[in-house]
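Chain identifiers are assigned alphabetically (A, B, ...) following the order of the sequence lines, protein sequences preceding nucleic acid strands; residue numbering begins at 1 within each chain. Fair warning: this is a prediction, and the values are worked out from it, not measured in the lab.
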Number of protein chains: 2
Amino acid sequence: MRMGQGVEWALHCCLNLAWTGTPVPASRLAALYDLPPAYLNKQLQALVRAGLCESVPGPRGGFRLARPPGEVSLLDVVVALEGPEDAFRCTSILAAGPGGDPGADYPDTCAISLSMRRAELAWRRELAARSLADVSDDVLRHTPGAADRVRDALTA
Amino acid sequence: MRMGQGVEWALHCCLNLAWTGTPVPASRLAALYDLPPAYLNKQLQALVRAGLCESVPGPRGGFRLARPPGEVSLLDVVVALEGPEDAFRCTSILAAGPGGDPGADYPDTCAISLSMRRAELAWRRELAARSLADVSDDVLRHTPGAADRVRDALTA
DNA sequence: GGAGGCCTACTCGGATACTGATTGTCCGAGTGTTCGAGG
DNA sequence: CCTCGAACACTCGGACAATCAGTATCCGAGTAGGCCTCC
């Protein structure tokens with residue numbers, strides 16, 4: 001069960017965009033961390049499709065946050081890149097077993113499926129409760145100059 | 001972020017093994033749900049390597065639970081098949097950024113990594129708190145005859 | 001000197017290859033059972 | 001009738017393909033800014 005690499009990139013990029021405010025091209029964000037520019041661009045496109053970012057074409061263009069950092073949760077970013085479906089997939093194999101009912105809604109009744117979903121719900125709840133602003137606060141408490149350094153590097 | 005199909009199979013099989021007690025060959029478990037026998041066998045081998053199941057070769061052989069159902073958590077099964085590492089992988093991309101320290105332990109200090117790990121911890125906690133015996137109780141409360149039906153189908 | 005238009009450079013966006021993990025299959029090693037022969 | 005032994009059938013176990021999601025790259029569409037020309 002591996003999460004895509006793009007999630008890490010997108011989270012850092014979103015935090016940086018929250019610090020700059022102005023549009024930043026994907027190529028510049030990629031240069032910050034030595035990432036493949038075109039592939040990072042692809043990930044950011046997913047954020048645009050999810051409504052988290054806005055893209056500006058042409059010179060002086062790039063990506064910027066579509067909402068205030070306090071209104072963007074970590075879950076929003078994860079869902080934008082990994083999709084809304086659960087990691088655990090109930091394929092209703094019980095339907096083929098003894099006493100199985102082909103018409104039953106096993107994802108919503110099977111005890112195993114419900115237990116797995118409850119666990120994922122706890123995971124989602126934690127991610128939804130943490131916004132970019134919260135993370136920014138944590139970072140700046142530990143490294144006050146981080147935002148300025150990133151702003152300088154991205155807007156130079 | 002997809003979890004392997006084998007997790008669902010293994011969870012159902014473990015529950016069934018808890019109900020039978022005696023060794024059951026993989027081919028018979030596979031026949032219950034119309035699963036590919038050899039592939040299911042492969043998944044069960046992982047459970048053996050993790051110490052959750054014991055395998056008995058030869059006729060009358062098969063797999064059986066190595067511990068009482070109350071001592072096997074859903075997390076044990078998931079970890080046995082998906083591995084112990086987190087879904088979110090911190091690759092320390094901050095080390096290449098402005099003010100980055102190549103010697104720093106970013107997985108343990110980066111605010112983003114910590115937030116993601118906290119969420120996964122909540123997920124693990126839920127899974128660890130739920131044993132096969134708990135799930136069995138839920139199933140039998142809803143469908144009292146399930147264990148008997150499975151026992152009959154597997155030991156026939 | 002100012003205004004208008006063209007040209008360039010830069011951006012995103014989607015279509016297109018490549019890689020590794022997941023899924024699926026096969027055959028060999030080992031073991032308990034069973035059947036038969038011999039005492 | 002009991003004991004011993006060999007052949008057999010059945011099991012797991014790991015080695016070997018196929019398929020698919022994730023990874024990475026490239027080129028085209030569109031736009032803002034800059035520059036040159038003309039008035």
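- Where A:V48 and A:P59 each meet DNA chain C at their nearest nucleotide, the meeting point lying more 5' is that of A:P59.
- Taking 4.0 Å as the cut-off between side-chain N and carboxylate O, B:R149 and B:D152 do not count as a salt-bridged pair.
- When the side-chain nitrogen and oxygen atoms of B:S55 are compared with OP1 and OP2 of D:dT11, none of them lie within a distance under 4.0 Å.
- Here the rule is salt bridge (charged side-chain N to carboxylate O under 4.0 Å, His left out) with B:E120, and of B:R118, B:R117, B:R124 only B:R124 fits it.
- Looking at B:T91 and A:E8, their side chains do bring a donor and an acceptor atom within 3.5 Å of each other.
- As a whole-Å value, the separation of B:M3 CE from C:dA21 P is 18 Å.
- Counting any heavy atom pair closer than 4.0 Å across all strands shown, B:R64 reaches no nucleic acid atom.
- Atoms CG (B:L154) and P (D:dT11) sit 13 Å apart, rounded to a whole Å.
- Between the CG atom of A:L47 and the C1' atom of C:dG13 there is a distance of 14 Å, given to the nearest Å.
- At the heavy-atom level, B:R28 lies nowhere under 4.0 Å from the strands shown.
- Of the candidates C:dG24, D:dA24, C:dG13, C:dG24 carries the atom nearest the B:W9 side chain, counting heavy atoms from C-beta on.
- Rounded to an integer number of Å, the gap from CG of A:N41 to C1' of C:dA15 is 14 Å.
- Side-chain contact between A:L44 and A:L29 is present, with at least one heavy-atom pair separated by less than 4.5 Å.
- Put simply, A:Y39 has a side-chain N or O that comes within less than 4.0 Å of OP1 or OP2 on D:dT23.
- The listed nucleotides are D:dG14, D:dC12, C:dC12; the one nearest the side chain of B:F63 is D:dC12.
- Set against D:dA21, D:dC26, D:dG13, the side chain of B:R2 has D:dA21 as its closest nucleotide.
- Protein atom CG of A:L40 is 11 Å distant from nucleotide atom P of D:dA24, rounded to whole Å.
- Both A:R60 and A:K42 sit near DNA chain D, but only A:K42 has its closest nucleotide nearer the 5' end.
- Dashed line: the shortest gap from a side-chain N or O of A:S27 to OP1 or OP2 of C:dC10 is not under 4.0 Å.
- Taking for each of A:V56 and A:M1 the nucleotide of DNA chain C with the nearest heavy atom, the 5'-most of the two is the partner of A:V56.
- In this structure, B:L35 atom CG and C:dT25 atom P are separated by 11 Å, rounded to whole Å.
- Side-chain atoms of A:R151 and A:T20 include no donor-acceptor pair closer than 3.5 Å.
- The distance between atom CG of A:L81 and atom P of D:dG22, rounded to the nearest whole Å, is 11 Å.
- The side chain of B:Q45 contributes an N or O atom lying less than 4.0 Å from OP1 or OP2 of D:dG14.
- In this structure, the CZ atom of A:R89 is 11 Å from the P atom of C:dT22, given to the nearest Å.
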